[in-house]
Each structure stands twice: as structure tokens, then as C-alpha cells.
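Below, chains carry the letters A, B, ... as their sequence lines are ordered, and counting in each starts from 1.
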There are 2 protein chains.
Amino acid sequence: MIYICLMTKTGKPDWSGCPTRYAAGIVGDKWCFLLLRDVLLHGKRTYREFLASPEGISTNILANRLSKLEALGMFTREPDPRKASSVCYFPTQKAKDFLPALVSMMVWATQYDEMTEAPASFAASFNDDPNGTIAWYVAEMARVDRALRGG
Amino acid sequence: MIYICLMTKTGKPDWSGCPTRYAAGIVGDKWCFLLLRDVLLHGKRTYREFLASPEGISTNILANRLSKLEALGMFTREPDPRKASSVCYFPTQKAKDFLPALVSMMVWATQYDEMTEAPASFAASFNDDPNGTIAWYVAEMARVDRALRGG
DNA sequence: CTCTCCACTTGCAATTTGCAAGTGCTTTGA
DNA sequence: TCAAAGCACTTGCAAATTGCAAGTGGAGAG
């Protein structure tokens, strides 16, 4: 297997701290994580929509996290194509590429969260055809953005 | 495909908020995230080892997060088999099952973190054989725990 | 020309964090 | 036997972050 080259003699990859540390800086914040979910899975694109999420983010924190995510190259801030005085936040490719990781976490949570609203079959379906599941979400995102931007 | 049943007429799964919210409660905390990484990828098991991570968690926060992760059923707290007066934290099956999501995040971060120490080939290798990559980490964890517990 | 909507910003109290020092228990070494 | 060291925390406190409520400025509608 190709990845054998990554392992050290003790059997541990000696670099594995770094990429996870990077991920922790973004995902390891509850609000960034949930905004990413709203954009990638719920098709939300506006300040109003984010504010309406059931977790109840407050306005100052929302503004702060939106600019953080913009600075990190995850979101772009653009005038709303439907109404120039409003604003839309679109996911960049970098954000879109996070989708498989997010879906993985959904699969895990579906299995262990007793309060989950997701049917148990979701994990099975994903394991059956992970690429198909992700492709469906990607297509959904494209649909949302096409509807908004027409491009 | 099986998962078609999960989608609503508007094309959105109407439940997708919940499992991610559950994940956000655990992973959406920088320190829990990094402790999970230390246990799943770095083979760390003791308070001392966690404290030594380069991110520099402070002692009170470490104690707090260890008990949070124990309460969440992610870690078990047990006497160190090598030295009864010391303590080990072992990942439960629930934590171990989080590994694919963590590896997904590593793949993503490897692609976008300019400071990454991981070779670019990691993402390619993972895409080549995701199950093999994860299986390798699972085997590593088993090795660590076998070495410690002998069971 | 006012009223409303929108996307924030500000002020402030409350919570959480980080740091330094201390605690109690066990083991180690002289 | 008994002081010294190690371990896994706990405590106190200042500093940073958060949550809440209210306010601001600009565009668009009536």
C-alpha cells in the first residue's frame, strides 16, 4: 500500500499532529462548525438564515465568525444577487471539500446520539455508497448556488 | 440508491441539523478535539502525555475535558496497568468509531494547510484506499492498548 | 421624507480560560 | 525510616471570550 511510506519505525506517523491542529482551529469552534453545516448541508447563505438556526447564535458572534470564515478562505462575502443591498455568504471550494469530513461526522453522530432525528439507515446507506451520498450533497450545493447566482 | 429515502421533496434531508449538533458539542471544542486526536492518532493514554502536546493545554482545562470525555462515554479512566498509582484513559468503541471522521479531516487539512507536515501523497493514498488507511490506524490503536493492557 | 429592513456594532454583565501555585497520595532512594 | 520526587489533579485570580440587549447607518419602499 502506498501510505506505508508515512509510517515511522515505531508505527506512528510522525506528522499527524499538524493537519488535525489546523482542522481544530476551524472546526474546533462550535459556531464555525455549525455555520459550516448550515452552508454545506442546509443551503443557508444569508446572515438572517444563519441567525435563525435553532442553536441561537448571537449577532456579534455571528458577525465575528463570518469574518473569521471569510479570512480563512472558507466563505466569500458577496452582494445578494436577488437584492443588491443584502449580502450572501457562499462556500469556497475549500469549504465544499470539507463535506466528506462533515458527512463522516454525521454518520458517527447518527450512530451514537440517542436524540438523533436521522434514521439509523443513514449510516448503512453511507457505508453502502459513500461517494454517492457525498455526490448528492455536492449536487445540492450546486443547485442552491445556481438558483441564487444563476451561474 | 438506498439513501434516496432520506431526502425531502425540496431535496434537503430535513433532519441533518441534529447529528451535526451532537458532533459540535464534542468536536466543536478545540481541546476535546485535540485530546481525541492524541488518543486516536498519537497513542497517548496518560494525563502527562496529554499535557505534553505542543498546543499547551493547561492542567485545569485538561482535567475538565478528560472528565467531560469520560462523561460522554468517549474515554474510560482506569489505573495504569504498568503502575497502579497512575491513571490511563482509554478510548471507548464510540471514540474509536470517530476515527474515519478524524482521518477525513486530516485529508482535508493536508490539502489546505500550507504549514502541514503531512506529505501531499497522504490525501491521494487515502483516496486510493480509505478503508485500508483507517484499518491501519485501528490496528495501531489495538497495538497500543494491547501493549498497555495485555488484553 | 418617513418607516422598515438589513447587517451589523457597541456596552456590559456573566461565563470561561489561562496561568501559577498548592494539595494529597504514592513511590523512590538514602 | 523518612525526606524528596512524581503524579493527577484543585484552587485562586486576572484576562479573554461570550451572550444579551440596545443602538447604528445605509438602502429601499410607501
Side-chain angles (χ1 to χ4, degrees), chain A residues 21 24-39 42-72 74-91 144 148-149, chain B residues 21 24-39 42-72 74-91 144-145 147-149:
Chain A
R21 196 184 320 152
I26 299 175
V27 180
D29 174 88
K30 183 190 167 193
W31 296 121
C32 285
F33 185 96
L34 292 170
L35 288 175
L36 225 36
R37 170 204 68 181
D38 282 346
V39 158
H42 290 189
K44 297 191 178 188
R45 294 292 181 271
T46 69
Y47 188 94
R48 286 265 132 184
E49 288 170 331
F50 299 134
L51 208 56
S53 290
E55 291 82 13
I57 191 170
S58 48
T59 58
N60 54 347
I61 302 298
L62 176 54
N64 176 273
R65 294 307 195 277
L66 285 172
S67 55
K68 179 182 171 183
L69 287 165
E70 203 192 343
L72 285 166
M74 302 287 283
F75 288 3
T76 60
R77 186 182 185 278
E78 301 173 29
D80 189 328
R82 297 162 300 190
K83 193 179 167 193
S85 70
S86 290
V87 171
C88 274
Y89 292 88
F90 290 102
V144 167
L148 264 173
R149 294 206 269 209
Chain B
R21 196 183 320 152
I26 299 174
V27 179
D29 174 87
K30 182 191 167 192
W31 296 121
C32 285
F33 185 95
L34 292 171
L35 288 176
L36 224 37
R37 170 204 68 180
D38 283 346
V39 159
H42 290 189
K44 296 190 177 187
R45 293 293 180 271
T46 69
Y47 188 93
R48 286 264 131 186
E49 289 169 330
F50 299 135
L51 207 57
S53 290
E55 292 80 15
I57 191 171
S58 47
T59 58
N60 53 345
I61 303 297
L62 176 54
N64 176 274
R65 295 306 194 278
L66 285 172
S67 55
K68 180 182 169 183
L69 287 164
E70 202 192 344
L72 284 165
M74 303 287 283
F75 289 2
T76 60
R77 185 182 184 280
E78 302 174 28
D80 189 329
R82 297 164 300 190
K83 194 178 166 190
S85 71
S86 292
V87 172
C88 275
Y89 292 88
F90 290 101
V144 167
D145 289 356
L148 265 172
R149 293 205 270 209

Would you call [X] and [Y] a side-chain contact if the rule is heavy atoms closer than 4.5 Å?
X       : Y        : value
A:Leu66 : A:Trp31  : no
A:Ser53 : A:His42  : no
A:Pro54 : B:Arg21  : yes
B:Arg45 : B:Asp145 : yes
A:Val39 : A:Phe50  : yes

For [X], all residues meeting side chain to side chain donor-acceptor pair (under 3.5 Å), sequence neighbours excluded:
X       : result
B:Ser58 : B:Asn60
A:Asn64 : none
A:Thr76 : A:Glu78

Could you give the [atom1]-to-[atom2] distance, from [X] to [N], as a whole number of Å?
X       : N      : atom1 : atom2 : result
B:Trp31 : D:dT17 : CH2   : P     : 13 Å
B:Leu69 : D:dA8  : CG    : P     : 17 Å
B:Asp29 : D:dT18 : CG    : P     : 11 Å
B:Lys30 : D:dT18 : NZ    : P     : 12 Å

Task: With sequence neighbours excluded, residues passing side-chain contact (heavy atoms from CB on, under 4.5 Å) with B:Arg48 - done: B:Thr46
Open item on the list: Just to verify, what does A:Leu51 make a side-chain contact (heavy atoms from CB on, under 4.5 Å) with, not counting sequence neighbours?
Closed with: A:Tyr47, A:Ile57, A:Thr59, A:Leu62
Open item on the list: Keeping B:Lys44 on the side-chain end and B:Glu49 on the backbone end, is there a donor-acceptor pair under 3.5 Å?
Closed with: yes
- [ ] Give the first and the last nucleotide of DNA chain C, reading 5' to 3', that has any atom under 4.0 Å from a heavy atom of chain B.
- [x] C:dT17 to C:dT27
Task: Residues which pass salt bridge (charged side-chain N to carboxylate O under 4.0 Å, His left out) with B:Asp29, listed by chain and number, not counting sequence neighbours - done: B:Arg65
- [ ] Strictly below 4.0 Å, heavy-atom distances to any atom of DNA chain D: list the hits from residues 57-66 of chain B, or just say none.
- [x] B:Thr59, B:Asn60, B:Ala63
Task: Terminal helix-axis angle for the helix from C:dC1-D:dG30 to C:dA30-D:dT1, with five pairs defining each axis and rounding to 10 degrees - done: 10°
If you look only at distance, which donor and acceptor atoms sit under 3.5 Å apart when one is on a side chain in residues 83-91 of chain B and the other is two or more places apart or in another chain?
| residue | atom | partner | partner atom | Å |
| --- | --- | --- | --- | --- |
| B:Tyr89 | OH | B:Arg77 | NE | 3.3 |

TODO: Check DNA chain C against residues 46-53 of chain B and give the residues with a non-hydrogen atom under 4.0 Å, in numerical order.
DONE: none
